[in-house]
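Here's the structure, in structure tokens; my notes come after.
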Amino acid sequence: MRHLIQEIHKGKNLKINLERYKDTALSSYGEYAALELTFSAFTMVQEIMEEKQEMAGREREILQKIFSALGDLGSGSRQVNAILSLMREVRQEITDKMDVFTCYTDRFLVYEYVLNRMELKYLPEEELNKKLAVFDEKEYMQRLSSWLFSDRDQSVLHEKIHLVMGQIPVHMTKNKFSQRVSEAMTLYKDGDKGALENFIYMVRTAAMVYEPAKYVGEYPFFEDILQRLSTADYAAMDEDMYQEMLGILEEGAQQIRSITDFYYSLQKVVNGIYAICILQNYRALESRLVKECRMVWSCLSEKEYRDEMLEPLEGQIEDLLEKTSYLEAALLEIKSSYSRELQDFGLMDFYDDLVIVANLLSDSLFVDLEQAVREEKADAAYVQKRTEELMAELIQKFSEVSRPVKRAVMGLILEKLPVMFKKTEEVQEYIQVNLLGCQDKAEKCVVMMILWDLMQEER
């Protein structure tokens, strides 16, 4: 496989090698998809039968379609296009519902941010001072800097900086904040339009300006909780009301965790069925491994599950994961470098579909499959237009919410921005000014404790 990809990279024997890549991908992805579906479907059935019966009852129609598709695949049905059409419909329905739950989750995070920073607000002054006195600021800053900059891996360093930026008290004017967001947007100029839109989506959900297109209003339990959290007066809140708001938030968070876990489980199965149907349109996947998986699918479609079903399949997925990862690393390069050749050799449809399969089997369960294939550039005019639209929404939202909520939104957005610091000293100065210089003792102490816990986790 390595030799094959090296040959393609050098542009050698492209007609033969691109066909060989196709055959290798069909075999490797076919078996990997079969195993992924088997383990995902087993977990889904187990959860439904043992833990999630109430939720399964509510989503009976979706589950009937999934079990029907599993049964058809298990029996070796050749009606893959009909199954594919059904799974496309089910996948969109689940994605639309998850869009709503993600929106609720992001709004809960804003109010969690606000309430977390009020945790020590009701302590007597003397007790609060004792908690702060535990930290020697000079030593604390040294430890935090050591933790932040000890890893040479840039991705780990940036992840830590993002974590810290999301916790540090926000002392920033609207103009300065707008400048930071605008600077981040310019990084997407001449890049993939889809990546820019994903970034905008993250900012909009964190800012509570994103509104899902479907199913809004169909979950009054969550709507009621958000209504209470959004209308609370956090500046004037007494301790009893604070505890009440904490309880409401925790109840909402528990329910949202449970329901999103359920839909994640369903989507993994739908994605697996979807991927297998795409691959079967190119070749019947009838290796011994796939035949063993088919027998399990037939049982699972009847809600029959036993641990021994999986025993013949154990220990095989790791090798297939390595193979597909290696193939995927070369896939986008092949598509971008040899698009004319793929057209000439009649292979473009397969390579487009393989991109979709790779996305279906990735950790991004709800990825936009059409966007995965489209390759559009975000030119300067488009980035400018989207920046202006985003900033107008943010400014409008800031005018509608209280100061604690506005600062929470800013903090959560800053955590998502690309790292703009050029030097270690700039990061240290930002922490020194905004955390150690924070005048709100209760908030300062809470944040120092949060960051201390993060540092201790690595010890």
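Positions are given from 1 along the sequence.
- Summarising the local packing, CD of Q79 is surrounded by 12 or fewer heavy atoms from other residues, nucleotides or ligands at distances under 6.0 Å.
- Within 6.0 Å of atom CD in Q254, more than 12 heavy atoms from other residues, nucleotides or ligands are found, so the atom counts as buried in its surroundings.
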The test is salt bridge (Lys or Arg N to Asp or Glu O under 4.0 Å); show your working for D352 and K335 and say whether it passes. CA-CA 8 Å; D352 279 344; K335 279 204 67 199; 2.5 Å; yes

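- A 6.0 Å sphere centred on CD of E61 holds no more than 12 heavy atoms belonging to other residues, nucleotides or ligands.
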For K397 and E400: C-alpha separation, side-chain torsions, deciding distance, then whether salt bridge (Lys or Arg N to Asp or Glu O under 4.0 Å) applies. CA-CA 5 Å; K397 174 57 69 173; E400 297 169 354; 3.8 Å; yes

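- Using a 4.0 Å cut-off between charged nitrogen and carboxylate oxygen, K323 and E318 do not count as a salt-bridge pair.
- Contact annotation: the side chain of S155 never approaches that of E159 to less than 4.5 Å [non-hydrogen atoms, C-beta and beyond].
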Taking it one step at a time, do M449 and F135 satisfy side-chain contact (heavy atoms from CB on, under 4.5 Å)? CA-CA 9 Å; M449 289 164 61; F135 300 109; 4.1 Å; yes

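- Within the structure, every pair that satisfies the ring-ring contact (aromatic ring centres under 6.0 Å, His included) test and touches residues 82-104, not counting sequence neighbours, is listed here: F101-Y219, F101-Y263, Y104-F222.
- Taking CZ of F42 as the start and CD of E47 as the end, the distance is 11.5 Å to the nearest 0.5 Å.
- Within a 6.0 Å sphere centred on NE2 of H158, heavy atoms belonging to other residues, nucleotides or ligands number more than 12.
- Two residues are said to be in side-chain contact when any heavy atoms from C-beta on lie closer than 4.5 Å; Y351 and Y338 fail this criterion.
- Of all heavy-atom pairs between N116 and V446, the closest is O-CG1, 3.4 Å.
- Residue L365 comes nearest to S362 through the heavy atom pair CD2-O, 3.8 Å, listed as atom of the first residue, atom of the second, then distance.
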Report the C-alpha separation of R204 and E197 in whole Å, then their side-chain angles, then the decisive distance to 0.1 Å, and conclude whether the salt bridge (Lys or Arg N to Asp or Glu O under 4.0 Å) test is met. CA-CA 10 Å; R204 294 183 76 227; E197 291 303 323; over 6 Å; no

Working note: Q179 + E183, criterion side chain to side chain donor-acceptor pair (under 3.5 Å); need CA distance, chi angles, decisive distance, verdict. CA-CA 6 Å; Q179 182 186 338; E183 286 172 359; 3.1 Å; yes

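- Taken from CZ in R340 to CG in L14, the straight-line distance is 9.5 Å, to the nearest 0.5 Å.
- Between A195 and Y188, the shortest heavy-atom distance links the atoms O-CE2, 3.7 Å.
- In this structure, I94 CD1 and I66 CD1 are separated by 4.5 Å, a value rounded to the nearest 0.5 Å.
- Enclosure of atom NZ in K65 by more than 12 non-hydrogen atoms of other residues, nucleotides or ligands within 6.0 angstrom is indicated.
- Cation-pi geometry between K22 and F350 is satisfied (NZ or CZ under 6.0 Å from the ring centre, within 45° of the ring normal).
- More than 12 heavy-atom neighbours from other residues, nucleotides or ligands sit within 6.0 angstrom of CD on E218.
- Taking the side chain as every heavy atom from C-beta outward, L163 and Q167 never approach each other to under 4.5 Å.
- Side-chain contact annotation: Q428 with Q432, donor-acceptor N/O pair under 3.5 Å absent.
- Within the 4.5 Å cutoff, no side-chain heavy atoms of N271 are placed close to those of L361.
- Closest approach of D238 to Y122, counting heavy atoms only: O-OH, 3.6 Å.
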Show me the side-chain donor-acceptor pairs of residues 107-114 shorter than 3.5 Å, one per line, residues at least two apart or across chains.
from, atom 1, to, atom 2, distance (Å)
R107, NH2, M208, O, 3.4
R107, NH2, Y210, O, 2.8
R107, NH2, E211, OE2, 3.1

Quick one: do D224 and R228 satisfy salt bridge (Lys or Arg N to Asp or Glu O under 4.0 Å)? Show the steps, please. CA-CA 6 Å; D224 290 347; R228 294 192 65 182; over 6 Å; no

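- Separation of atoms CD (Q267) and OH (Y274) is listed at 10.5 Å; rounding is to 0.5 Å.
- If you take NZ on K214 and NZ on K97, they are separated by 11.0 Å, rounding to the nearest 0.5 Å.
- Contact annotation: the side chain of L187 never approaches that of F199 to less than 4.5 Å [non-hydrogen atoms, C-beta and beyond].
- Between the side chain of N359 and the backbone N or O of V355, at least one donor-acceptor pair lies under 3.5 Å.
- Counting heavy atoms from C-beta on, the side chains of E328 and Y29 come closer than 4.5 Å.
- Looking at I62 and V270, their side chains never come closer than 4.5 Å, going by heavy atoms from C-beta outward.
- Judged by distance alone, with hydrogens and angles left aside, the side-chain atoms of T387 form a donor-acceptor pair with the main-chain N or O of V383 at under 3.5 Å.
- In this structure, CD1 on I334 lies 7.5 Å from CG on L342, to the nearest 0.5 angstrom.
- Residues E389 and E393 are not in side-chain contact: their nearest non-hydrogen atoms beyond the backbone lie 4.5 Å or more apart.
- Other residues, nucleotides and ligands contribute over 12 non-hydrogen atoms within 6.0 Å of the CD atom of E51.
- Under a 3.5 Å cut-off, the side chain of K268 and the backbone N or O of L37 do not form any donor-acceptor pair.
- For Y264, the OH atom counts as loosely surrounded, since its 6.0 Å shell holds 12 or fewer non-hydrogen atoms of other residues, nucleotides or ligands.
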